[in-house]
Every structure is written in structure tokens, then in C-alpha cells.
Number of protein chains: 2
Amino acid sequence: MRLTMYTDYSLRVLLYLASRKGENVTITEIADFYRISRNHLVKVVHNLGRDGYILTSRGRHGGLKLARPAKEILVGELVRSTEPDLDLLECFNPATNQCVISNSCSLKAVVFNAQTAFLEVLDQYTLADMAKGSYKTISSFKSIPVVRN
Amino acid sequence: MRLTMYTDYSLRVLLYLASRKGENVTITEIADFYRISRNHLVKVVHNLGRDGYILTSRGRHGGLKLARPAKEILVGELVRSTEPDLDLLECFNPATNQCVISNSCSLKAVVFNAQTAFLEVLDQYTLADMAKGSYKTISSFKSIPVVRN
DNA sequence: AATTAAGATGTATTCAGGATGTATGTTTAT
DNA sequence: ATAAACATACATCCTGAATACATCTTAATT
């Protein structure tokens with residue numbers, strides 16, 4: 001269970017842009033800063049542009065900037081749009097599911113609930129939150145409800 | 001972001017055993033039932049035995065059975081023990097982390113909180129729950145707290 | 001004792017997908 | 001024109017999951 005480097009880099013690009021509000025920043029600058037592959041970042045940036053997170057401009061003095069205010073971008077939203085495969089179990093995808101008991105299996109719903117909880121925690125933080133503060137690690141979510149039929 | 005087939009199969013084996021309380025069941029029977037690779041299941045079963053979830057017996061009339069009551073086995077506990085890599089982000093593993101900002105980066109804590117929420121939801125269901133009932137999918141966990149410093 | 005049915009274990013192979021690189025476009029300020 | 005930037009399409013490498021195969025050990029049956 002991992003997020004791809006793609007998602008990781010996407011978040012880092014947005015974090016970097018958030019910390020340099022409004023300024024045009026080049027891919028090279030970001031790649032140098034994080035010491036990661038520029039070639040990889042090129043694609044990350046391309047997709048961030050396509051998905052409306054950043055504005056890109058070509059040519060001299062071109063670069064990237066956030067397309068929306070950092071406080072309006074939710075971490076969960078970004079993860080949902082960049083992570084290529086959120087099918088935690090085979091049975092999540094009806095097109096490829098082979099499990100013979102998936103119709104009557106309650107595991108699917110349980111894992112799906114867990115995934116929902118995961119994303120909803122991420123939805124409670126904005127890019128602006130990330131860019132400024134640090135957060136405590138909380139060890140317990142006792143208030144998460146278990147819903148039985 | 002996926003769980004491995006390993007974890008998926010592990011859960012299915014335990015579910016199957018739970019539904020046949022006490023009986024000795026062979027790997028072949030389970031593989032045939034789910035129509036999955038027997039060879040793969042062999043290793044899954046081996047690890048489940050090593051980790052104390054099942055009792056295995058060799059020889060004629062050998063097979064598997066649950067080592068503990070189904071109602072004492074938490075789904076989250078199993079996922080934690082079978083999923084080989086729970087490092088959602090590169091920076092989760094200090095040994096391999098390369099991210100230059102991980103010291104001051106709050107993203108790590110946020111994603112970790114989300115993962116904790118994920119596992120804690122799974123911890124609220126036992127194998128016995130799975131084996132009998134079906135559960136509703138819940139779409140909102142508004143009560144998950146955001147903890148700020 | 002021999003046989004057979006089961007799991008135990010180690011090794012090998014296949015394959016998909018993530019991570020990365022290369023090359024060539026296209027745009028725009030100077 | 002030229003240089004500096006992103007756009008885009010392929011190509012390649014590599015890890016690890018998924019699976020197969022072969023051989024061993026154990027234990028019940030005959």
C-alpha cells in the first residue's frame with residue numbers, strides 16, 4: 001500500500017508553488033530544489049496543468065504558478081486526481097474483478113469505508129495548511145462510527 | 001494505492017475458514033473454491049500459520065483451521081501483518097528517505113494520520129463480522145478530528 | 001513398511017507498472 | 001533569429017508482485 005512517486009511529486013510541486021505565491025517558477029528550479037528527476041517532474045507538471053491545479057506558460061520567463069488559491073486545494077482532492085489506481089482490492093473494479101464471492105462479501109464495503117476515511121482525513125487539510133504549519137500525529141480516531149445494517 | 005493479492009488472499013482464506021468453523025480444510029479446496037492459484041495460496045497459508053492465525057497439520061486428513069476465534073481477529077490487525085509495505089510516502093521510511101524537506105514537512109504527519117484512520121476503521125471489524133453480515137457503505141466521517149498544534 | 005495425501009520450503013520465471021531518460025516539438029520574450 | 005521555457009511522444013530500466021515448479025517433510029492409512 002503505497003502512493004506513487006507521481007502523487008508525492010505532485011504534492012511537492014504544489015507545496016513549492018504555494019510557498020512562492022504568485023511567482024513564476026520553472027520546473028528546473030523545483031527539480032533542483034528537491035533533487036529529483038527533472039524528466040519525471042515534466043510529466044507531473046503537465047498533468048497538474050491539465051487538471052487545473054497550475055497555470056503554465058511557455059517561452060522565456062515562462063514557468064508555473066498555482067491556478068487556485070492554496071487554501072482552496074484539498075490534499076485529498078489532489079490524491080484522488082493523481083493516484084492512478086485506488087482499487088485497494090481486486091473486487092473494487094467490476095471490469096477486472098474475478099472474485100467469486102464479491103457479491104455477498106462484506107469485506108469490500110469494509111475496506112471501502114476505510115479508504116473513505118483515509119481520503120476524508122486528507123480532505124481536512126488544504127495546501128495552505130501544509131505550506132505553513134506542522135501538524136501533530138494523532139494516534140486514535142475513536143469517534144469513527146461503525147455502521148451496521 | 002492498492003493492497004497486494006497476498007493480503008487479499010489472506011483475508012479470503014481466513015473468511016473461508018471462519019465459515020467452516022473448526023473443520024480442517026485443505027489448500028486445494030480453498031484454491032478451487034476461489035479459482036485462484038494454488039501455488040500462491042501455499043505461501044499465503046504458510047505465512048498465516050507462521051503468524052499464528054491458523055493451525056496447519058500435515059499428512060493425510062491434514063489441512064488448516066483458525067487458530068483463534070473469528071471474533072478475536074481484527075481485519076486491521078491482519079492487514080498490518082500481511083501487507084508488505086505500508087510506506088505511503090517515501091519519507092515514511094527513514095532508511096530510504098531522500099526528501100530534502102521531510103524534516104519540516106507537515107505532509108508526512110497528515111498522510112500518516114489518514115493511514116491511521118484507515119487502519120482504525122479496519123480494526124473495528126472482526127473476521128466473525130465479515131463472515132456473517134454485510135455492511136453499509138458509509139460516505140462520511142465528519143467526526144474525524146483535525147488536530148492542530 | 002510402503003504408500004499416499006497433505007503442508008513446508010526454496011528457487012525460478014513471468015509480467016505489469018512505476019520510475020526515469022531521450023528526442024523533438026512548440027511557444028514566447030528578447 | 002535565438003534562447004528559454006513547457007508540450008509531447010517514445011523508449012528503457014528495474015523492482016516487486018504474481019505465479020509456477022520441484023523437492024522435502026510429515027502423518028494417516030493400508
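Residue numbers begin at 1 in each chain, while the letters A, B, ... track the order of the sequences.
Closest heavy-atom contact between B:E77 and B:E72: OE1-O, 4.1 Å. Minimum interatomic distance between A:I54 and A:V45 (heavy atoms only, all atoms of both residues): CD1-O, 3.5 Å.
One interatomic measurement links the two molecules: CG of B:D87 to C1' of D:dG16, which rounds to 14 Å at whole-angstrom precision. The NE2-P distance, from B:H40 to C:dG7, rounds to 16 Å in whole Å. Counting to the nearest Å, the C1' atom of D:dA18 and the CG atom of A:L89 are 16 Å from each other. One interatomic measurement links the two molecules: CE of A:M1 to C1' of D:dG16, which rounds to 18 Å at whole-angstrom precision. Nucleotide C:dG18 holds its P atom 12 Å from the CG atom of A:L3, rounded to whole Å. Whole-Å rounding puts the B:E83 CD to D:dA17 C1' distance at 11 Å. What separates CG of A:L41 from P of D:dA5 is a distance of 15 Å, to the nearest Å. Rounded to whole Å, the distance from CZ on A:R2 to C1' on D:dA17 is 13 Å.
Phosphate contact (OP1/OP2 of D:dA20, side-chain N/O of B:R38, threshold under 4.0 Å): absent. Look at A:H61 and you won't find any side-chain N or O under 4.0 angstrom from OP1 or OP2 of C:dA29. Dashed line: the shortest gap from a side-chain N or O of A:H46 to OP1 or OP2 of D:dT8 is under 4.0 Å.
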What do the steps show when you test B:Q98 against B:E90 for side chain to side chain contact (heavy atoms under 4.5 Å, CB included), and what is the final call? CA-CA 7 Å; B:Q98 308 257 342; B:E90 173 189 332; 2.9 Å; yes
Residues A:E83, A:T4; criterion side chain to side chain contact (heavy atoms under 4.5 Å, CB included); working and verdict: CA-CA 7 Å; A:E83 191 65 14; A:T4 60; 3.4 Å; yes
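Between B:Y16 and B:F33, the ring-plane angle classifies as tilted under the 30° and 60° cut-offs.
Contact annotation: side chain of A:K43 to base of C:dT22, donor-acceptor pair absent below 3.5 Å.
Screening B:L11, B:L86, B:V79 against B:L3 for a side chain to side chain contact (heavy atoms under 4.5 Å, CB included) leaves a single residue, B:V79.
Of all nucleotides listed (C:dT20, D:dA20, D:dA18), D:dA18 comes nearest to the side chain of B:T4. Of the candidate nucleotides C:dG21, C:dT9, D:dA18, C:dG21 has the atom lying nearest to any side-chain atom of A:S37.
Using a 4.0 Å cutoff on non-hydrogen atoms, the parts of residues 5-34 of chain A near DNA chain C are A:M5, A:Y6, A:Y9, ordered by number. Non-hydrogen atoms lying under 4.0 Å from DNA chain C are contributed by B:T56, B:S57, B:R58, all within residues 49-58 of chain B.
Two residues are said to be in side-chain contact when any heavy atoms from C-beta on lie closer than 4.5 Å; B:C105 and A:L15 meet this criterion. You'll find the side chain of A:L122 stays beyond 4.5 Å of the side chain of A:L74, heavy atoms only. You'll find the side chain of B:C99 stays beyond 4.5 Å of the side chain of B:L89, heavy atoms only.
Two residues, B:P84 and A:G62, neighbour DNA chain D, and the one matched to the more 5' nucleotide by heavy-atom proximity is A:G62. Residues B:R60 and A:N39 each lie close to DNA chain C; by heavy-atom proximity, the contact nearer the 5' end of the strand is made by B:R60.
Counting only N and O atoms by type, the side chains of B:Y53 and B:S10 include no donor and acceptor under 3.5 Å apart.
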